[in-house]
There are 2 protein chains.
Amino acid sequence: MESGSIRVLSRAFSILNCLARERAPLGVSEIASAVDLPKATVYRLLDSLEGERAVLGKGGRYEIGPLSLLLADAYRSQVGFADAARSALTTLRNETKETVHLFVYERGELYYLDKLESPFQVRMHSRVGGRASLFRLSAGKALLASLSPEELKELPETLPDEVAAEFPEIRARGYALDDELNEAGLRCVGAAILDEKGRPRGAVSVSAPVYRFPPEKVEVYGLLVMKAARSIREGVASLETGSHAG
Amino acid sequence: MESGSIRVLSRAFSILNCLARERAPLGVSEIASAVDLPKATVYRLLDSLEGERAVLGKGGRYEIGPLSLLLADAYRSQVGFADAARSALTTLRNETKETVHLFVYERGELYYLDKLESPFQVRMHSRVGGRASLFRLSAGKALLASLSPEELKELPETLPDEVAAEFPEIRARGYALDDELNEAGLRCVGAAILDEKGRPRGAVSVSAPVYRFPPEKVEVYGLLVMKAARSIREGVASLETGSHAG
DNA sequence: ATTGTCGTTTCACTCCATGGATTATTTATC
DNA sequence: GATAAATAATCCATGGAGTGAAACGACAAT
């Protein structure tokens with residue numbers, strides 16, 4: 001249990017997280033057993049959440065409600081580069097014809113902010129809004145390589161040595177490479193999005209199955225990813241530490 | 001006060017709504033006065049919300065957190081046509097070079113689901129996730145025109161006669177027109193997105209200032225909007241009443 | 001008809017959120 | 001750099017608000 005956590009709230013959010021995971025309308029009993037709470041309690045919480053439009057009740061079945069859109073839109077505008085990144089991502093996807101990801105870095109953690117799928121149908125089970133690994137993804141490693149030593153020490157998890165060993169190479173190239181580290185048969189390159197002070201705010205990456213992503217393409221895609229990262233930074237009026245929305 | 005509403009929850013969500021409105025980091029005191037609650041209470045709620053990643057605390061200032069992304073992504077996938085619509089929206093925007101909106105219809109209410117801005121810089125103060133008027137927007141009227149008489153009676157608000165009077169025309173054309181009704185100097189056309197049973201699930205619209213949207217273009221844009229609505233429907237594997245995500 | 005399941009409602013109990021007061025910390029002013 | 005003002009963070013006695021077992025009603029399957 002966290003330090004200051006109001007029980008009703010953590011319960012309510014565990015229901016929301018449950019609904020977000022399932023992505024399908026669930027009944028009260030299903031939810032109750034999933035979050036391990038009495039039916040009556042879950043029912044009351046759902047009722048209350050529905051009043052806030054955080055969930056949507058459809059004849060006894062519940063799902064995530066439209067309030068989420070409002071909040072996510074606000075979050076995106078706070079991040080600052082989310083909107084500006086859309087066109088850069090589109091370009092990158094069109095240039096590579098592969099799946100591209102946008103990440104945002106918040107308080108030592110990396111989150112999927114957006115993605116554009118490859119036109120080829122290949123499963124990539126990344127989920128927008130989910131937490132991403134700083135150590136296993138190319139985007140994460142590219143981001144870490146641009147942190148100061150002090151910032152590296154403040155990370156929630158300790159930095160593995162083998163990741164730190166890659167930093168000189170990443171800094172020299174400008175992008176990070178991930179060779180089937182995260183997932184077998186998948187290769188990706190990622191670059192950090194830096195603000196005006198050189199601090200990382202997020203990252204971009206291109207991922208593809210190795211059979212479409214041979215070693216000789218690494219350099220090509222690497223440069224494209226860097227170009228995208230740069231254009232995202234430049235496309236934003238201000239990427240100051242306290243970026244406000246217009 | 002709603003029927004079954006847990007006080008802590010409605011307070012927590014009023015804080016989230018407040019942060020979403022402001023779109024800038026706020027201090028505890030600012031929030032407390034905005035939502036009219038004691039500072040200590042707001043502080044505790046923020047602390048708890050931060051633990052859930054629903055808000056993000058940055059040195060005494062708080063903003064919406066990344067959990068919103070996860071929830072919104074789930075909501076989009078539940079809606080079913082949100083992802084499929086992206087490419088149809090892009091096409092529509094490129095064809096018209098004007099701002100296009102995507103709406104979702106839920107329980108008698110219309111919500112902004114997505115938008116693509118015109119390359120021309122004209123302010124259109126729509127906010128993704130916000131509620132949209134069923135009676136004043138072309139998209140709303142197009143949607144209403146495709147509802148059955150029984151469904152029309154179940155609407156949260158009573159249908160104005162002048163709106164109902166437009167239905168025959170809208171049904172004949174296949175799209176609805178809004179002549180500066182919603183906002184002076186703004187014209188838009190909208191079409192409903194129907195599922196396999198002919199029930200409306202959402203709508204698409206094109207909006208432009210009248211000086212770029214003369215009467216002779218209404219028919220052209222109207223047909224394009226209809227084409228987009230149709231392609232969104234067809235782009236979705238299943239738009240059944242209980243649409244699940246893959 | 002019967003049984004089982006699930007959503008909904010009830011209500012007495014008690015636990016937990018409450019908020020005024022206090023302290024710590026940061027920011028502004030001279 | 002000392003003082004003051006504002007704000008964030010902490011504490012704790014209190015009672016009202018959330019709790020959940022149980023009962024009810026609706027529906028489906030057998």
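Treat the numbers as computed from the prediction; the structure is a model and nothing was measured.
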Would you check if the side chain of [X] reaches a backbone N or O of [Y] as a donor-acceptor pair within less than 3.5 Å?
X: A:Ser205; Y: A:Gly190; result: no
X: B:Glu151; Y: B:Ser148; result: yes
X: B:Ser48; Y: A:Ile6; result: yes

Tell me whether the rings of B:Phe103 and B:Tyr112 are parallel (<30°), tilted (30 to 60°) or perpendicular (>60°).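 If you compare the ring of B:Phe103 with that of B:Tyr112, the planes turn out tilted.
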
Per the end-axis method with five pairs at each terminus, what is the bend angle of the helix from C:dG7-D:dC24 to C:dC30-D:dG1, to 10°? 60°

Where along nucleotides 8-21 of chain D does protein come under 4.0 Å, by heavy atom, of base (B) or sugar-phosphate alone (S), with - for untouched nucleotides? BSB------SSBBB

Check the distance between D:dT7's P and B:Ile31's CD1 and give it to me in whole angstrom.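 Between P of D:dT7 and CD1 of B:Ile31: 13 Å.
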
Distance alone, cut at 3.5 Å: any donor-acceptor contact between the side chains of A:Arg53 and B:Tyr111?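 A donor-acceptor contact under 3.5 Å links the two side chains.
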
In this structure, which one of A:Leu113, A:Val128, A:Leu116 forms a side chain to side chain contact (heavy atoms under 4.5 Å, CB included) with A:Leu102?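 The residue from A:Leu113, A:Val128, A:Leu116 that satisfies side chain to side chain contact (heavy atoms under 4.5 Å, CB included) with A:Leu102 turns out to be A:Leu113.
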
Out of the candidates B:Ile193, B:Leu144, B:Leu147, only one should pair with B:Tyr105 under the side chain to side chain contact (heavy atoms under 4.5 Å, CB included) rule; please name it.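 Looking at B:Ile193, B:Leu144, B:Leu147, the match for B:Tyr105 under the side chain to side chain contact (heavy atoms under 4.5 Å, CB included) is B:Leu147.
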
Step-by-step salt bridge (charged side-chain N to carboxylate O under 4.0 Å, His left out) determination, B:Arg136 to B:Asp178: CA-CA 7 Å; B:Arg136 299 172 67 197; B:Asp178 170 13; over 6 Å; no

